[in-house]
Structure formats: structure tokens, C-alpha cells
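A short worksheet on the structure shown next.
Letters A, B, ... are given to chains in the order of the sequence lines, protein chains preceding strands, and every chain is numbered from 1. Values reported hereafter were calculated over all heavy atoms of this structure, with side chains retained and with hydrogens, waters and symmetry mates removed.
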Protein chains: 2
Amino acid sequence: MFVRTTDQRLRPNTLGDLGFTSAPHPMVKLSEFTYRKGKEIFGEKEPAEYVYQIKRGAVRSYKMLSDGRRQIGAFHLKDDIFGLENGANHRFTAEAVVQTTVYLMKRVSLQSMADTDAAISRNLLTMTTANLEHAENHMLLLGRKTAVERVAAFLIEMDRRTGSSNVSLPMSRRDIADYLGLSLEAVSRAVSRLHCEGVLNFIGNTQREIVILDLSKLHSFDPQG
Amino acid sequence: MFVRTTDQRLRPNTLGDLGFTSAPHPMVKLSEFTYRKGKEIFGEKEPAEYVYQIKRGAVRSYKMLSDGRRQIGAFHLKDDIFGLENGANHRFTAEAVVQTTVYLMKRVSLQSMADTDAAISRNLLTMTTANLEHAENHMLLLGRKTAVERVAAFLIEMDRRTGSSNVSLPMSRRDIADYLGLSLEAVSRAVSRLHCEGVLNFIGNTQREIVILDLSKLHSFDPQG
DNA sequence: CGATCCTTTGAAGGACGTCAAGGTCTGTGG
DNA sequence: CCACAGACCTTGACGTCCTTCAAAGGATCG
């Protein structure tokens with residue numbers, strides 16, 4: 001059973017003005033809030049009151065079946081915007097993977113801004129399209145790729161998004177498994193296999209710090225990545 | 001090998017004016033074209049020149065890996081709009097499942113209309129969001145549901161979209177399999193199982209015509225459908 | 001009415017899931 | 001500083017669901 005006994009989430013209570021910039025990610029900093037590791041930021045089907053951008057940390061967005069099976073739709077890293085909805089409610093639950101600080105703005109003010117500024121409106125469409133494209137690629141992964149191919153694709157994605165071959169994974173093997181539609185053991189075995197094949201290495205004494213030794217060889221494990 | 005030897009696709013060469021209505025699907029009829037069963041309408045990564053709406057027939061949109069594994073991202077039925085892109089190129093290949101007639105409009109004219117009409121712009125965002133929501137639900141299906149659950153969810157979707165418990169499936173078992181991330185045999189077995197359980201029945205002498213006898217029982221096979 | 005395609009069903013195999021054990025690291029308190 | 005608990009990761013053994021391979025029976029169409 002997955003009954004939530006008490007709602008321990010906190011909401012910020014100060015909000016100022018908000019705007020967009022032409023920076024890589026267009027939301028301007030405003031109010032911010034910090035969530036401890038594992039804390040829920042918003043729940044599926046809850047009213048979408050805020051839009052979030054990550055200042056520091058990482059977030060997982062997921063759906064869950066009634067018996068507890070979980071599918072993580074996306075990980076959100078530094079500077080990523082999440083929680084943006086066109087409809088009234090959130091379609092995912094969002095949780096902090098590690099201690100995470102976010103900027104946030106009210107959804108309604110974003111909406112009213114979009115109503116008066118076509119550039120913002122276009123920006124919303126562009127962001128939604130980016131999310132759609134990610135989901136489309138992920139459907140191919142979930143429907144048709146093997147365990148090793150999925151893990152390879154995941155590492156390539158993390159390498160690309162962090163812009164570094166030294167990938168620091170904030171999420172656990174279980175999170176990765178629920179993102180890739182696998183068991184955590186299958187993820188562990190696939191990582192081990194890639195390690196044995198000389199594609200990657202571990203840094204330090206934890207398994208969360210990975211260095212990709214041979215990106216092209218990693219690509220060879222992911223068909224049409 | 002999946003090399004396409006010749007490009008036999010045809011393009012319409014007449015285009016008139018185009019607009020939007022407030023009908024369930026907002027594209028107004030204009031130029032139209034008919035594709036024979038199995039013909040490609042556009043290919044992945046091709047320039048997105050047109051946007052399509054189905055007048056009659058059905059279309060599959062898919063991605064394919066280099067070794068031929070295929071993932072169908074969506075089926076498009078009567079009145080559905082597909083091929084709408086924000087970027088320059090198509091992200092899927094689209095093929096006619098059966099003989100299909102589509103209305104079409106030039107992408108650039110739609111773009112210019114959106115630039116001057118905020119309502120159209122909102123409509124584009126709404127359609128993109130609908131596609132995103134479908135993809136998000138499909139990720140959960142592909143990542144975490146069993147074969148019977150996937151097939152049940154598929155039949156529920158078809159029942160909903162056709163608005164009838166008498167579901168006429170234009171697509172083959174292989175198409176369904178590639179939509180659900182299964183083998184065609186697994187689909188066949190799951191349908192047989194649902195038939196034995198009294199959830200559905202076949203009409204006529206083909207297996208493409210299905211009547212759903214007990215929708216609530218069908219729902220019981222799909223957790224959180 | 002034969003050729004082809006599609007579907008079903010059975011049998012065997014394999015990839016991944018489940019269960020279990022053991023190891024490492026971290027944090028906490030004695 | 002060390003003992004201990006807990007969280008997390010790895011690895012092995014085994015089970016199972018789905019895939020693959022194969023065969024046979026329609027259905028469709030020229």
C-alpha cells in the first residue's frame with residue numbers, strides 16, 4: 001500500500017515579480033524554495049499552481065500504478081524548468097532526488113504574460129515541444145531497447161545534459177531503473193557490463209560518480225541514439 | 001536491411017487557402033490527397049512541409065532502430081491531426097495503415113497564421129500538449145505494464161476514440177504489437193485471453209472487428225487506465 | 001482457385017525479474 | 001575512535017513472462 005499519511009510539503013509564501021530572459025532557460029529568478037531529499041514538490045492531479053526551475057539539485061517526475069509500479073518520465077537537472085502545465089492539473093508527481101533548491105513563479109502570472117507577449121507564448125510551445133520530443137524518444141527506448149541499450153542511452157543523455165564525461169549521478173539505481181523500465185538489478189548488471197567492456201569507470205568510493213572513457217564505444221551500445 | 005530503394009510517395013500539387021474552425025478539430029478542409037495502404041506519407045527527419053488531418057482511414061507514426069525494431073508512437077484516426085511540428089523536420093515516419101484520405105495545409109501558412117492570431121497559437125499549444133499527455137501515458141504503459149494490461153489499455157483507448165464498443169481495428173496485430181512494445185504473438189495471446197475471459201467477442205469472419213462486452217471488466221485488466 | 005498475408009497456437013529458449021546474500025559507505029552515538 | 005544501523009549497490013541462483021521459431025488454418029485478392 002502506498003497511502004500518504006500526512007502531507008509534509010511546504011509552500012513558499014512570498015512571491016515577487018516575475019519575467020523571462022533570453023538566457024538558455026528563459027525563466028527569471030524570483031522566489032525560491034529548498035526541498036530536502038525525497039520530499040514531494042507536487043503530486044499528480046494536483047492543481048498546477050506553480051512553475052519551477054532548478055537552481056541546485058535534481059528532481060524526478062513520475063507516474064505510479066495502483067500497485068506501486070512506478071515510471072519516471074524525466075529527471076530535471078540544474079536550470080531545467082518543470083511543472084509547466086497547459087491544463088489545470090499536474091500530470092506527474094515531482095520529488096526532490098537530492099536536496100534541491102528551485103525558483104518558482106505562479107502559473108497564472110505566466111499565463112497572463114503569455115497572453116500579452118507572443119514571444120513568451122512561443123517559448124511555452126517550444127518548451128512543450130522539447131518535452132514531447134524527449135517523451136517520443138523515450139517511448140522508443142521503453143518499447144524496443146534492451147537493458148544494456150537503455151543504460152547506454154541513459155548515460156549518453158546524462159553526458160550530454162551535464163556537458164561533461166564525468167557524470168555525477170544524483171539518483172539511485174532504483175530511480176534509474178524506474179526511468180528505464182527495468183529492475184534495479186538489471187541496471188546494476190548493465191552498468192557492470194559497460195564497466196567490464198571498458199566504456200566507463202567509477203570515480204571515488206561511490207558508484208554514483210562515473211567517468212565515460214569511450215563515448216563513441218558507448219554510442220555503439222545504443223542503436224540510433 | 002531496411003534500405004528504401006525508391007521513393008514512391010506522391011505529393012499533392014494544388015493548395016488553396018486554409019483556416020481554422022472551432023470544430024472538435026480545428027483544421028478546415030482544404031486540399032486533400034489519398035494514400036494507398038502501406039504508403040509512406042512522410043519520413044522521419046524529412047522537412048515538415050505539410051500538416052495533415054485524416055478525412056478517412058488510419059495512419060501510424062513510428063520510429064525505427066537501425067536493425068528494424070519499430071516503435072509506433074501513435075495511431076491517427078478520422079479527424080485526427082498529425083505531422084504538426086514546431087521544429088523544421090518530422091520526428092516520425094507516417095504511413096497509411098489502410099487506404100487513407102487526408103486534408104493538408106502548408107506548414108508555413110499555419111505558422112504565419114499563428115503569428116497573427118493568438119487563438120491559433122493557443123490551439124497549437126493545446127494540440128502539442130495533448131500529444132505530450134498521450135506520450136506520457138504511453139511511457140507508463142511501455143515501461144511498467146504487462147502484456148494483458150497493455151492490450152486492455154489499447155482496447156480501452158480505441159473504444160474511447162471511436163466512441164463505440166464495436167471497435168473496428170484497421171491495423172494488424174504487428175502494428176498493435178509495435179505500438180505496445182510486444183511481439184505480435186504476445187498481442188494475439190492477450191486478445192485470446194480477454195476473449196476467453198468474456199471481455200470481448202469477434203464479429204464477422206475477421207479478427208479485426210471486435211465488440212467489447214464488458215468495459216468495466218476490461219478496465220479491471222488495466223491498472224489506473 | 002492458387003498465392004499471399006494474417007492470425008492463432010504450441011513448443012522451446014532467453015532476457016529480465018525476483019529472491020537472497022554479502023559488501024561498502026555514511027551517519028550516529030557510545 | 002569504534003560499534004552499529006541503515007541505505008545502497010553488486011552478484012548469484014532461480015523463476016517467469018515474453019520472444020522466437022514453427023506449423024497450420026483461415027481470409028483476401030488477383
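- Applying the side-chain hydrogen bond (donor to acceptor under 3.5 Å, both in side chains) test to B:Asn131 and every residue at least two apart in sequence or in another chain returns nothing.
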Show each protein N/O and nucleotides 21-25 of chain D N/O combination with a separation under 3.5 Å, one pair to a line.
unit_1 : atom_1 : unit_2   : atom_2 : d
D:dC21 : N4     : B:Glu185 : OE2    : 3.1

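- A:Leu184 comes within 4.0 angstrom of a nucleotide base, judged by non-hydrogen atoms across all strands.
- One atom, CZ of A:Arg36, and another, P of C:dG27, lie 14 Å apart when rounded to the nearest Å.
- Contacts classified as salt bridge (Lys or Arg N to Asp or Glu O under 4.0 Å) and involving residues 184-206 of chain B (residues at least two apart or in different chains) are given here: B:Arg193-B:Glu197.
- Note that NZ of B:Lys106 is 4.0 Å distant from OH of B:Tyr50, once rounded to the nearest 0.5 Å.
- At whole-Å resolution of the value, NZ in B:Lys145 and P in D:dC18 are 14 Å apart.
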Below 3.5 Å between N/O atoms, which protein atoms pair up with nucleotides 22-24 of chain C? Just atom names and distances, please.
none

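- Residue whose closest nucleotide on DNA chain C sits further toward the 5' end, between A:Leu182 and B:Val191: B:Val191.
- For B:Phe202, whose side chain is taken as the heavy atoms from C-beta onward, the closest listed nucleotide among C:dT8, C:dC16, D:dT20 is C:dT8.
- Comparing atom distances between the A:Ser192 side chain and each of D:dT19, D:dT11, C:dG17 picks out D:dT11 as nearest.
- Among the heavy atoms of the strands lying under 4.0 Å from A:Gly181 are primed sugar atoms or P, OP1, OP2 only; no base atom is included.
- Taking a cutoff of 4.0 Å between a charged side-chain nitrogen and a carboxylate oxygen, B:Asp178 and B:Arg69 do not qualify as a salt bridge.
- Under the side-chain hydrogen bond (donor to acceptor under 3.5 Å, both in side chains) criterion, A:Glu95 pairs with A:Arg60, A:Tyr62, not counting sequence neighbours.
- Only A:Ser172, A:Arg173, listed by number, bring a heavy atom of residues 164-173 of chain A to less than 4.0 angstrom from any atom of DNA chain D.
- With sequence neighbours left out, the ring pair (Phe, Tyr, Trp, His ring centres under 6.0 Å) criterion links B:Phe75 to B:Tyr179.
- Remark: B:Lys37 engages no residue in a salt bridge (Lys or Arg N to Asp or Glu O under 4.0 Å) (not counting sequence neighbours).
- Separating the CD atom of B:Glu209 from the C1' atom of C:dC6 is a distance of 15 Å, rounded to the nearest angstrom.
- Applying the side-chain hydrogen bond (donor to acceptor under 3.5 Å, both in side chains) criterion to A:Thr34, with sequence neighbours excluded, gives A:Thr101.
- Listed by first and then second residue, the salt bridge (Lys or Arg N to Asp or Glu O under 4.0 Å) pairs that reach into residues 155-166 of chain A are A:Asp80-A:Arg161, A:Glu157-A:Arg161, sequence neighbours excluded.
- Among the protein residues, A:Thr206 comes within range of no part of the nucleic acid, since none of its heavy atoms lies under 4.0 Å from any strand.
- Between A:Arg193 atom CZ and D:dC9 atom C1' the separation is 20 Å, expressed in whole Å.
- With sequence neighbours left out, A:Glu209 forms a salt bridge (Lys or Arg N to Asp or Glu O under 4.0 Å) with no residue at all.
- Listed nucleotides: D:dT10, C:dT7, D:dT19. Nearest to the side chain of A:Ser188: D:dT10.
- Under the ring pair (Phe, Tyr, Trp, His ring centres under 6.0 Å) criterion, no residue pair touches residues 155-178 of chain B, with sequence neighbours excluded.
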